There are 2 protein chains.
Amino acid sequence: MNTLAFALLSFLARRSMSGYDLMLAIQPLWQAKHSQIYPTLSKLEAEGHVDFERVLQHDKPDKKVYSITPKGTEALQAWLHEPSSDPNIRDEMLLKAYSLWLGDHDAARRLLEERIAYFRKRLQRLEGILDDVQTEHHSELDVPDILSPVFTRVKLLERAITTARLELDWCYEFLKQIEQSAKKPR
Amino acid sequence: MNTLAFALLSFLARRSMSGYDLMLAIQPLWQAKHSQIYPTLSKLEAEGHVDFERVLQHDKPDKKVYSITPKGTEALQAWLHEPSSDPNIRDEMLLKAYSLWLGDHDAARRLLEERIAYFRKRLQRLEGILDDVQTEHHSELDVPDILSPVFTRVKLLERAITTARLELDWCYEFLKQIEQSAKKPR
DNA sequence: ATGGTCATGTAATTCGTTACATGATTAT
DNA sequence: ATAATCATGTAACGAATTACATGACCAT
């Protein structure tokens with residue numbers, strides 16, 4: 001079982017859903033296309049880690065609703081005890097920022113503005129989700145309880161929001177310095 | 001040309017070095033193993049984006065020192081103007097944190113302590129490098145100048161340091177909440 | 001009509017990791 | 001002796017993206 005398989009189990013442990021739902025839900029934590037998710041679900045099913053029920057829909061296409069099995073839950077719990085591999089960040093923008101000295105102020109500006117747009121959108125989405133979760137489960141969140149699925153979810157949402165804000169701040173400051181640098185006579 | 005190829009050009013644009021040196025230097029910005037770097041360098045050489053000189057060493061094995069060509073610099077500059085793909089983060093630890101509600105306090109503790117150790121080490125390394133760069137180029141950094149390779153490098157180092165500190169803070173707070181949660185009778 | 005969402009799959013290709021291979025020097 | 005660093009490469013495998021394929025429903 002690879003990390004994607006455990007990622008799918010992580011979501012199915014919270015609620016049963018279709019491959020399509022998983023594809024959408026999984027994105028913030030582990031990006032994968034449907035072409036990778038469907039075969040992985042088949043494997044998990046063959047191994048007995050998940051099972052599924054065919055749900056017929058009149059307006060939309062039929063779907064397979066997957067659920068985690070006891071065996072799947074055990075595998076997921078065992079995985080929690082294993083050491084994790086180092087975080088892996090691949091960001092083309094950072095690579096370009098590193099070589100901006102070879103470019104012009106215009107390229108620099110566009111590079112950062114693109115990324116600012118991306119993080120603004122992301123921030124809004126994340127803040128909306130956190131808001132929903134907090135109003136829906138206000139009572140549960142007074143006291144930290146790791147054994148609550150809501151608590152761990154909120155922890156990750158908060159983290160995503162703080163990092164997004166930080167990324168935005170970095171972009172804004174860099175952009176400001178680019179404008180300063182552009183105005184300076186050389 | 002893929003992103004790795006541009007990553008290699010980004011480093012060679014600053015100074016000529018061997019595939020081995022590139023393998024070490026590239027890690028903070030784009031992780032790649034030597035088995036991927038050597039063939040990519042061969043391709044870049046075949047395309048005329050880089051060339052190399054064989055340097056004989058008496059104490060160590062001989063090496064090929066690669067340099068970027070004018071064609072390579074042009075390709076790199078053109079790449080700066082292209083839109084960047086979204087950042088891609090793969091972090092097993094976050095996935096496990098999301099499912100910690102299924103585990104025990106001990107698994108949670110170990111998960112975070114592992115990550116704390118990782119970021120402490122990383123922070124130290126980054127702060128050391130930034131220190132060296134700043135003392136070596138103090139005068140250049142008074143006024144922001146994007147067209148200076150030192151400036152863009154410092155920007156990325158600062159960013160890496162801030163995010164590492166943030167990650168650490170998040171881990172510490174989470175760990176504290178885990179201890180609180182463990183003490184509470186259920 | 002044109003494009004978007006819902007829904008599931010396979011095939012081809014590229015990217016990335018692990019393993020195989022070699023060999024000298026230096027430190028513990 | 002044993003492991004680590006320097007140095008370069010190939011082969012096999014697994015992971016991930018892109019493209020191919022189908023089809024209904026809904027909004028503009």
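Within every chain, numbering begins at 1; the chains are lettered A, B, ... in the order of the sequence lines, protein sequences first and strands thereafter. All of these numbers come straight from a predicted model, not from anything done at the bench.
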[X] side chain to [Y] main-chain N or O, any donor-acceptor pair under 3.5 Å?
| X | Y | value |
| --- | --- | --- |
| B:T73 | B:T69 | yes |
| A:E140 | A:F151 | no |
| B:K155 | A:W170 | no |
| B:Q27 | B:A32 | yes |
| B:R90 | A:Q31 | yes |

- request: Could you pick out which residue, B:S42 or A:Q36, lies toward the 5' side of DNA chain D when each is mapped onto its nearest nucleotide?
  value: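 Its nearest nucleotide being more 5', the pick is B:S42.
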Nearest-nucleotide comparison on DNA chain D, the residue closer to the 5′ end among A:H58 and A:T3: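 That would be A:T3.
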B:E179 side chain reached by B:R109 side chain, heavy atoms, under 4.5 Å: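 Yes - at least one pair of side-chain heavy atoms lies under 4.5 Å apart.
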Between atom [atom1] in [X] and atom [atom2] in [N], what is the gap in whole Å?
| X | N | atom1 | atom2 | answer |
| --- | --- | --- | --- | --- |
| A:I37 | C:dT10 | CD1 | C1' | 15 Å |
| A:K60 | C:dT8 | NZ | C1' | 15 Å |
| A:D59 | D:dC26 | CG | C1' | 10 Å |
| B:Y66 | D:dA7 | OH | C1' | 12 Å |
| A:I89 | C:dG16 | CD1 | P | 15 Å |
| B:N88 | D:dA15 | CG | P | 16 Å |
| A:Q57 | D:dG23 | CD | P | 19 Å |
| A:L41 | C:dT10 | CG | C1' | 15 Å |

- prompt: When you check the phosphate oxygens OP1 and OP2 of D:dG9, does a side-chain N or O of B:Y38 lie under 4.0 Å from one of them?
  reply: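 Result: no.
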Side chain of [X]: nearest nucleotide among [options]?
| X | options | answer |
| --- | --- | --- |
| B:N2 | C:dC15, C:dT18, D:dA7 | C:dC15 |
| B:P39 | D:dT10, C:dA7, C:dT26 | D:dT10 |
| A:P61 | D:dT8, C:dC6, C:dT17 | C:dC6 |
| A:S35 | D:dT17, D:dC6, D:dT8 | D:dT17 |
| A:K63 | C:dT17, C:dT8, D:dT8 | C:dT8 |

field: Strand-adjacent residues in residues 16-34 of chain B, judged by heavy atoms under 4.0 Å from DNA chain C
entry: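 Those residues whose heavy atoms fall under 4.0 Å from DNA chain C, taken from residues 16-34 of chain B in numerical order, are B:K33.
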- request: Verify whether one side chain among A:D104 and B:H81 offers a donor that lies under 3.5 Å from an acceptor in the other.
  value: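 There is such a pair (donor and acceptor under 3.5 Å, judged by atom type) between the side chains of A:D104 and B:H81.
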query: Heavy atoms under 4.0 Å, any strand shown: does B:R90 hit a base, just sugar-phosphate, or nothing?
result: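 Sugar-phosphate: the residue B:R90, judged by heavy atoms under 4.0 Å, touches backbone atoms but no base.
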